Amino acid sequence: MKLLEGKTAIITGASRGIGKGIAEVFAQHGANVAFTYSSSVDAANALEEALKATGVKAKGYKSNAADFEEAQQLVKDVVEDFGGIDILINNAGITKDNLLMRMSEEDFDTVIEINLKSIFNMTKAVQRTMLKQRHGSIINMSSVVGVKGNAGQANYAASKAGMIGFSKSMALELGSRNIRTNVIAPGFIETEMTAKLDEDTVNSWRNAIPLKRGGTPEDIANACVFLASDLSAYVTGQVLNVDGGMLT
Ligand code: NAP
């Protein structure tokens with residue numbers, strides 16, 4: 001069953017990893033997909049073609065989610081190209097890990113701007129369109145690290161916890177207009193972001209997870225389908241942990 005037929009989604013940071021998985025699964029469910037990337041032009045072009053081949057409308061936009069003006073322009077372009085926006089997935093994110101002792105001010109600021117300020121930029125940019133339509137589903141990609149904290153990731157954890165507070169506030173502000181805002185907190189999802197880690201660390205993480213495996217981008221994408229579709233019509237302001245039981 002196609003759960004997103006006729007809906008248009010903007011997904012930030014979809015040239016690879018989780019965002020790419022969401023774009024692919026959304027297209028399989030019939031959604032038209034506008035997606036962004038930061039620098040991976042070739043990967044973005046390849047994804048655009050692959051999505052179009054499934055029969056949906058798709059377009060990649062080079063747009064820095066941390067830049068307020070670029071976010072405004074992006075949404076203007078998407079509304080012109082697609083005619084509306086039903087779903088926003090704020091997925092773009094980075095890490096710059098270090099113990100506080102060695103964390104530079106720049107590494108703190110960059111992570112906050114790309115991971116947290118971006119959701120302010122994008123939500124503000126889509127707000128007018130969704131208010132006029134009187135419907136919308138916004139999904140913000142946090143992390144178990146935002147729920148629990150993690151040594152060596154104070155900047156990342158602060159950005160991901162901040163997303164939760166922002167999202168719950170949006171659920172309260174925008175609920176009366178039928179705009180829902182929810183958060184997904186992925187656990188350990190195996191992507192290029194985690195491929196930088198050494199094999200022993202990765203194996204110890206897999207073993208510590210009740211389901212005994214890392215997650216896949218599709219695991220996250222399927223949770224996004226639920227939160228984006230009308231199946232979750234009465235769900236807002238929630239944090240859904242998709243982590244193989246990690247935080248249990
Ligand atoms: P990834 O493989 O590193 O991909 C990151 C994506 O974000 C890429 O498409 C990248 O574009 C884009 N991006 C980076 N900076 C951007 C910016 N300023 N503006 C627009 N796009 C930007 O990451 P991932 O593992 O898929 O993670 C996706 C999200 O899930 C992140 O928010 C991450 O924090 C969260 N998450 C991941 C895990 C995990 O285990 N992987 C766990 C919990 C939460 P380019 O290709 O052009 O650089």
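We count ligands from 1, going down the list as the structure has it; atoms in each ligand are counted the same way. Keep in mind that this is a model prediction, so the values were computed, not measured.
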Novice: Taking only heavy atoms of Y37 into account, list the atoms of ligand 1 that are under 4.0 Å away from them.
Specialist: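 Contacts of ligand 1 toward Y37, numbered from 1: 21 (N), 47 (O).
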
Novice: Show the atoms of ligand 1 that are less than 4.0 angstrom away from any heavy atom in M141.
Specialist: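 Near M141, meaning under 4.0 Å from one of its heavy atoms, ligand 1 has 29 (C), 30 (O).
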
Novice: Would you call R206-E190 a salt bridge at under 4.0 Å N-O?
Specialist: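 Salt bridge present between R206 and E190.
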
Novice: Do the side chain of K160 and the main chain of M141 share a donor and acceptor less than 3.5 angstrom apart?
Specialist: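 Yes.
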
Novice: Please answer whether the main-chain N or O of H135 pairs with a side-chain N or O of R180 as donor and acceptor at a distance below 3.5 Å.
Specialist: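 No: the side chain of R180 does not pair with the backbone of H135.
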
Novice: Out of I11, I189, I18, T95, who gets a non-hydrogen atom closest to atom 27 (O) of ligand 1?
Specialist: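 Result: the heavy atom closest to atom 27 (O) of ligand 1 is in I18.
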
Novice: Check for me whether K57 meets the cation-pi criterion with F82, that is, NZ or CZ under 6.0 Å from the six-membered ring centre and within 45 degrees of the ring axis.
Specialist: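 Yes; both conditions hold, so K57 lies above the ring face of F82.
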
Novice: Closer than 4.0 Å to some heavy atom of A65 - which atoms of ligand 1 meet that?
Specialist: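 That gives atoms 17 (C), 18 (N), 19 (N), 20 (C) of ligand 1.
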
Novice: For E48 and G60, indicate whether the former's side chain and the latter's backbone hold a donor-acceptor pair under 3.5 Å.
Specialist: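 A pair under 3.5 Å: yes.
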
Novice: For ligand 1, which atoms have a heavy atom of A14 less than 4.0 angstrom away?
Specialist: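 This gives 9 (O) as the contact atoms.
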
Novice: Mind checking whether F188 has an N or O less than 3.5 Å away from an N or O of ligand 1?
Specialist: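 N/O-N/O distance under 3.5 Å: no.
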
Novice: What part of K160, side chain, backbone, both or neither, has a heavy atom within less than 4.0 angstrom of ligand 1?
Specialist: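 It is the side chain that gets close, since no backbone atom is under 4.0 Å.
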
Novice: Counting only nitrogen or oxygen atoms and a 3.5 angstrom limit, does S143 reach ligand 1?
Specialist: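 In fact, backbone or side chain, S143 has no N or O that close.
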
Novice: Would you mind telling me if ligand 1 is within reach of the side chain of S118, the backbone, both or neither, using heavy atoms under 4.0 Å?
Specialist: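 Neither part.
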
Novice: What do we get for P217 next to ligand 1 when only non-hydrogen atoms under 4.0 Å count, side chain, backbone, both or neither?
Specialist: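 No part of P217 comes within reach of ligand 1.
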
Novice: Between the candidates L197, I94, N91, which shows the shortest non-hydrogen contact distance to atom 29 (C) of ligand 1?
Specialist: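 Minimum heavy-atom distance to atom 29 (C) of ligand 1 goes to N91.
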
Novice: Between the side chains of S204 and N207, does any donor sit under 3.5 Å from an acceptor?
Specialist: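 No, N207 and S204 have no side-chain donor paired with an acceptor closer than 3.5 Å.
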
Novice: With the threshold set at 4.0 Å, does a side-chain nitrogen-carboxylate oxygen contact exist between D67 and K117?
Specialist: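 Result for this pair is no, no salt bridge flagged.
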
Novice: Heavy atom under 4.0 Å from ligand 1: found in N64's side chain, backbone, both, or neither?
Specialist: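 Both backbone and side chain.
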
Novice: Kindly compute the distance separating CG (L227) from CG (N182), expressed to the nearest 0.5 Å.
Specialist: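 Nearest 0.5 Å value for the CG-CG distance: 5.0 Å.
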
Novice: Please list, in number order, the atoms of ligand 1 under 4.0 Å from a heavy atom of S39.
Specialist: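 Within the 4.0 Å cut-off of S39, ligand 1 contributes 45 (P), 47 (O), 48 (O).
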
Novice: Counting each atom of ligand 1 from 1 as listed, which ones have a heavy atom of Y156 under 4.0 Å away?
Specialist: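 In order of number, 33 (C), 34 (O), 35 (C), 36 (N), 43 (C), 44 (C).
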
Novice: With respect to atom 16 (C) of ligand 1, which of S38, G13, A71 exhibits the smallest heavy-atom separation?
Specialist: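 Heavy atom nearest to atom 16 (C) of ligand 1 belongs to S38.
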
Novice: Using a 4.0 Å cutoff against the non-hydrogen atoms of A92, which atoms of ligand 1 qualify?
Specialist: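 It comes down to these atoms of ligand 1: 7 (O), 20 (C), 21 (N), 22 (C), 32 (O).
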
Novice: Can you tell me how far the OG1 atom of T181 sits from the CG atom of N90, to the nearest 0.5 Å?
Specialist: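 Spacing of OG1 (T181) from CG (N90) equals 10.0 Å.
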
Novice: Please say whether I114 places an N or O atom under 3.5 Å from an N or O atom belonging to ligand 1.
Specialist: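 Between I114 and ligand 1 (N or O atoms, distance only) the closest approach is not under 3.5 Å.
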
Novice: With no hydrogens and no angle check, just 3.5 Å: does a side-chain donor-acceptor pair link Q153 and D97?
Specialist: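 Yes.
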
Novice: Please check if the side chain of S159 supplies one atom and the backbone of L116 the other of a donor-acceptor pair under 3.5 Å.
Specialist: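 Not at all, since once roles are kept as given, no pair shorter than 3.5 Å links the two residues.
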
Novice: Would you mind running through ligand 1 and noting each atom that sits below 4.0 Å from a heavy atom of G17?
Specialist: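 It comes down to these atoms of ligand 1: 2 (O), 26 (O).
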
Novice: Does G214 have a non-hydrogen atom less than 4.0 Å from ligand 1?
Specialist: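 No.
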
Novice: Taking it one step at a time, do V147 and V145 satisfy side-chain contact (heavy atoms from CB on, under 4.5 Å)?
Specialist: CA-CA 5 Å; V147 178; V145 168; over 6 Å; no

Novice: Nearest to atom 5 (C) of ligand 1 by heavy atom, G146, G93, G19, S63: which?
Specialist: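 Comparing heavy atoms across G146, G93, G19, S63, the nearest one to atom 5 (C) of ligand 1 lies in G93.
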
